[in-house]
Structures are given as structure tokens and as C-alpha cells.
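Working notes, beginning with the structure itself.
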Amino acid sequence: MTVAIATWNINSVRLRLPQIVRFLKERRPDILCLQEIKCPNEHFPIAALREAGYAHIAVNGQKAYHGVATLSRRPFAEVETLSFCGKQDARHLAVSFGVEAGADLAGLTLHNFYVPAGGDIPDPQANVKFAHKLDFLAEMRAWSRRRRGDGAALLVGDLNIAPLETDVWSHRQLLRVVSHTPVEVENLNAVQAAGAWVDVVRAEIPPDQRLYTWWSYRARDWAASDRGRRLDHIWASPALAGRVVAAEVVKEARGWPRPSDHAPVVARLKL
DNA sequence: ATGGTCGGCAACCGA
């Protein structure tokens, strides 16, 4: 048997509830990590998602902005949130699994991240949001270094950076666009190296193939213009990396009625 | 070259 782990920036969990339920029913992932839920914990639609088969739900929400949640068919042993840059932003949620979740999931820790988007101007002097993004990545790097070698772990979420040339529709045209600037890519690569994280999606889908997880709402026809970016990621600790048997971007979900601007990403592991 | 669209929440901010 395999375990399917999914991540999806949902851009309002309340507005997108029908799309989430559709995805869960069609794909039946064991775990779904959501970002940009955009609601406080008390407004999260727990009952509807439990009814869809996900009895175990951890939420780190806040009013109007950001917010992450993790839904699971199997029970959590522990739930933890981290703060970054001395802010109260809800951008991280960790869950871990014990033997009561099954022998395959036991010992796994799953980190769900929503990295700051960084605003429009790729200059930390001129744009405090870009400075915050770089600071956040620096803290992620230090945290990754500390937890390195600390057993079976996954790091998933909207990292808001497309690192490879084939992760964007035009490398040349996006070099000065926030999400694909060299300084962001260097910082993301430093986070990855510090934790010895393996990009399991690119291990399964070769880097010479273009792959996107986000398409702007502003395009007249998102599919026809296909000006996408790969902002959403699934990384594994070294011990788990060899266990990944498949990875996929569920692009069709971007074409459903009233979609999120992000598509879900799914990795399947044989644990 | 520029502006284009969403969501939250009640005027714009953030993406």
C-alpha cells in the first residue's frame, strides 16, 4: 500500500469548500495540507470536512490573511506551530504520527508552510514585503539545519518560489519578477541544502519538463496562455526520499468552477 | 508596454 500526501493553496477555505470536497472524493489522499485558508480557527469548516472522511483536522488560522490547515484520515500524535520573524502570521503547522496512525505513518512529521509572497518589487531596501520574504527564508534555513537528521519528515506547501528555469513559463522574462529572482532561488536552495531536503516532485518529473502549480487569475485564458509557475512543493528528508513512487500536479482542478489560482500537488510514498 | 483578476471585508491590502 502507498500513502498519498497532497498540498494545495486554496485561497479561502470557506469559498472553496465544494472544490476541496470534490478533490478529496476523487483523489482520496491520506493527508491534505491547505494554505491561505483566510479564516480564524473558529470559522474553519471542520464538520463538512470530517463528513468527507477526514476526521483529524489541525488548523492554524487567522482573520482574513494566510492560515494553514492539515486534514488527515489517520490520527495525529502531536500538533505544533512555529512563528517566524517575530510575527504572529499563521504560516506553519506541523503534525506528527504515532503507531495509532498505522505502522506506515508512525514516526512521520509533516510540516505545512506558507512562505510570504514578497510583494512586487524584488528589492529588500525598497520593499519591506520582499525583505520579510528573505528573512523568513533565512529563519527556515536555520530551522532546517537544526532539524536535519531528525528522522522521517516531509516539508510541503506554497513556498512562493519557482526555483528551476522549467518551473516558469519564461525564465528570461521572470528573472526580475518576485518568485523567480536569483536571490530568492539562492535562498530557497539554501533552505533545501540546510535540511538535506529532497524535491520529490522533481525527482519524479524530470527537470527538463516544464511544470507549474499556479496560473494567475489575470490571464484571459489561463490554460491557453499557460503562463504558470511552480510555487508549491513537496520535499522529503533523505530517509523518505527513496520511498516516493509518484508525484503529480492536479492541473484539472485549476479549471474547475470558481477555482483557486493554485493546483494541488500530490506525492505517493511506499512507507 | 501595460494592465489584467481574485478574496476578505468593508476601504483598500495582499496575492
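To find a chain, count down the sequence lines: A is the first, B the second, and so on, and within it residues start at 1.
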Checklist entry - Among A:Ile205, A:Thr166, A:Val265, A:Leu164, which residue meets the side chain to side chain contact (heavy atoms under 4.5 Å, CB included) test with A:Leu211? => result A:Ile205

Checklist entry - Quick one: are the ring centres of A:Trp143 and A:His111 less than 6.0 Å apart? => result yes

Item to check | OP1 or OP2 of B:dG14 under 4.0 Å from side-chain N/O of A:Lys129 | outcome: yes

Next on the checklist: With a 4.0 Å cutoff (strictly under), does any side-chain N or O of A:Lys63 reach OP1 or OP2 of B:dG14?
Outcome noted: no

Item to check | Listed nucleotide nearest any side-chain atom of A:Arg91, set B:dC13, B:dA15, B:dC6 | outcome: B:dA15

Next on the checklist: Check this for me, if you would: do A:Glu252 and A:Arg27 make a salt bridge, where the nitrogen-to-carboxylate-oxygen distance has to be below 4.0 angstrom?
Outcome noted: yes

Checklist outcome for this item: Residue pair A:Ile37/A:Ala117 against DNA chain B: nearer the 5' end by closest nucleotide is A:Ile37

Checklist outcome for this item: In whole angstroms, the gap separating P of B:dC6 from CD of A:Glu36 amounts to 15 Å

Item to check | A:Pro40 or A:Trp214, whichever maps to the more 5' nucleotide of DNA chain B | outcome: A:Pro40

Item to check | Residue pairs, two or more places apart or on separate chains, that pass side chain to side chain donor-acceptor pair (under 3.5 Å) and touch residues 175-187 of chain A | outcome: A:Lys133-A:Glu184, A:His171-A:His180, A:Ser179-A:Arg229, A:Thr181-A:Glu184

Checklist entry - Of all the choices, B:dA15, B:dT5, B:dG8, which nucleotide is nearest to the side chain of A:Ala64 once you look at every atom? => result B:dG8

Checklist entry - Does the ring centre of A:Phe23 sit less than 6.0 Å away from the ring centre of A:Trp8? => result yes

Checklist entry - Which pairs pass side chain to side chain donor-acceptor pair (under 3.5 Å) with one or both residues in residues 67-89 of chain A, sequence neighbours excluded? => result A:Tyr54-A:Arg73, A:Thr70-A:Asn112, A:Arg74-A:Asp104, A:Asp89-A:Arg91

What N/O pairs connect the protein and nucleotides 2-4 of chain B at under 3.5 Å? Give each pair on its own line.
from, atom 1, to, atom 2, distance (Å)
B:dG4, O6, A:Arg218, NH1, 2.7

Next on the checklist: Would you measure the distance from the C1' atom in B:dA15 across to the matching atom in B:dG4 and give it in whole Å?
Outcome noted: 14 Å

